[in-house]
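No hydrogens, no waters, no symmetry mates; every other heavy atom, side chains included, goes into these values.
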Amino acid sequence: MIRIKSEEEIEILRENAILVSKTLAEVGRHVAPGVTTMQLDKIAETFIRDNGAEPGFLGYGGFPYTLCVSVNDVVVHGFPSDYKLKEGDIVSVDCGTVYKGYYGDSAYTFPVGNVDEETATLLRVTKESLYLGIEKAVAGNRIGDIGHAVQSYAESFGFSVVREMVGHGIGKDMHEHPEVPNYGKAGTGKKLVKGMTICIEPMINAGGKSIYLHENGWAVSTSDKKNSAHFELTVAVGDGKADILSTFDFIEGKRQY
């Protein structure tokens, strides 16, 4: 069952999305060598609560933290810990909120200091593939159009697309229908309708697409231990153009908060 959102619901989702975007920017200000991933988690929880919302991930399905913090070869769902970030690391920060009965969800992969050329390319291509997917999130297209746009672009650089983890609908629940894979065949899958709200989130590996689940039952890593990047934005399907509800502008200094 796919829930089509009213304009009023989309505006509440936008409020959540903007708060998540600002939270990621606040976390990003502290990403540096020597900082622990647990410190980042505490910064996010404080920021979300200070802005009148609740952390969306904390307790969700039993997840014990505010953030998913995934370093280097960890694809998604990494646990914050006492690990100290090092120069050359990359760290995916995935964040959620609950506000006015609706969820927000967005992710950004930060470089820690200077990274090598291949890693810099991985980050750039993953983010670019996200925007190419978003371009396809318009009424009349299909879910497969989004996945095909992401996959074809990422694979053209020799990178691979994670298959087991996918994007999703969002609303009163964190994960609603439909699923939004980052791979697929154009012209296939569920038809996109105006008012659908979805999270598009490419997870792109520098090496092979194979992953494995950690013993904690949450985190997943690349099987070959090569880096993985993850970027996520929330969008509302529109006529002719997607309405991007969350933004990386705060992180990248294009907007102040």
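When all heavy atoms are compared, the tightest approach of Ala137 to Ala242 is O-CB, 3.4 Å. In this structure, Thr23 and Cys95 approach most closely via the heavy-atom pair CG2-SG, 3.8 Å.
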>> Test side chain to side chain donor-acceptor pair (under 3.5 Å) on Glu201 and His230; report intermediate values, then the result.
In response: CA-CA 7 Å; Glu201 49 177 321; His230 175 216; 2.8 Å; yes

>> Evaluate Ser92 against Ser70 for side chain to side chain donor-acceptor pair (under 3.5 Å), listing each step before the verdict.
In response: CA-CA 5 Å; Ser92 162; Ser70 307; 4.7 Å; no

>> Between Asp73 and Thr222, is the side chain to side chain donor-acceptor pair (under 3.5 Å) condition met? List the steps.
In response: CA-CA 6 Å; Asp73 63 299; Thr222 59; 4.6 Å; no

>> Under the criterion side chain to side chain donor-acceptor pair (under 3.5 Å), I'd like the reasoning laid out for Ser228 against Asn205: C-alpha separation, chi angles, the key distance, then a yes or no.
In response: CA-CA 4 Å; Ser228 183; Asn205 297 344; 2.7 Å; yes

>> Using salt bridge (charged side-chain N to carboxylate O under 4.0 Å, His left out), reason through Arg14 and Asp243 one step at a time and then give a plain yes or no.
In response: CA-CA 10 Å; Arg14 193 188 312 276; Asp243 182 4; 2.7 Å; yes

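Residues Gln39 and Thr36 bring a donor and an acceptor atom of their side chains to less than 3.5 Å of each other. When only modelled atom types and interatomic distance are considered, Asp94 and His77 share no side-chain donor-acceptor pair under 3.5 Å.
The environment of Asp50 atom CG is dense: over 12 non-hydrogen atoms of other residues, nucleotides or ligands sit within 6.0 angstrom. For NZ of Lys5, the number of neighbouring non-hydrogen atoms (other residues, nucleotides, ligands) closer than 6.0 Å is greater than 12. Heavy-atom contacts from other residues, nucleotides or ligands closer than 6.0 Å to CD of Glu155 number more than 12. For NE2 of His177, the number of neighbouring non-hydrogen atoms (other residues, nucleotides, ligands) closer than 6.0 Å is 12 at most.
Each of Ile198, Asn141, Ile134 was scored for a side-chain contact (heavy atoms from CB on, under 4.5 Å) with Ile146, with one residue passing: Ile198.
A salt bridge does not link Glu26 to Lys22: none of the charged nitrogens lies less than 4.0 Å from a carboxylate oxygen.
Tyr108 has its side chain within reach of Lys127: a pair of non-hydrogen atoms, C-beta onward, lies under 4.5 Å apart. Side-chain contact between Met203 and Val76 is present, with at least one heavy-atom pair separated by less than 4.5 Å.
The aromatic rings of Phe157 and Phe159 sit parallel, their planes meeting at an angle under 30°, below the 60° perpendicular limit. In this structure, Phe248 and Tyr131 have perpendicular ring planes: the angle between them is above 60°, well past the 30° mark.
Judged purely by atom type and a 3.5 angstrom limit, Thr234 uses its side chain to pair as donor or acceptor with the backbone of Asp105. Although no hydrogens or angles enter the test, the distance criterion places a donor-acceptor pair under 3.5 Å between the side chain of Glu9 and the main chain of Ser6.
Rounding to the nearest 0.5 Å places OG1 of Thr66 at 15.5 Å from OH of Tyr60. From Arg163, atom CZ reaches atom CG of Asn182 across 9.5 Å, with rounding to the nearest 0.5 Å. Atoms OH and CD, on Tyr183 and Gln151 in that order, are 9.0 Å from each other to the nearest 0.5 Å.
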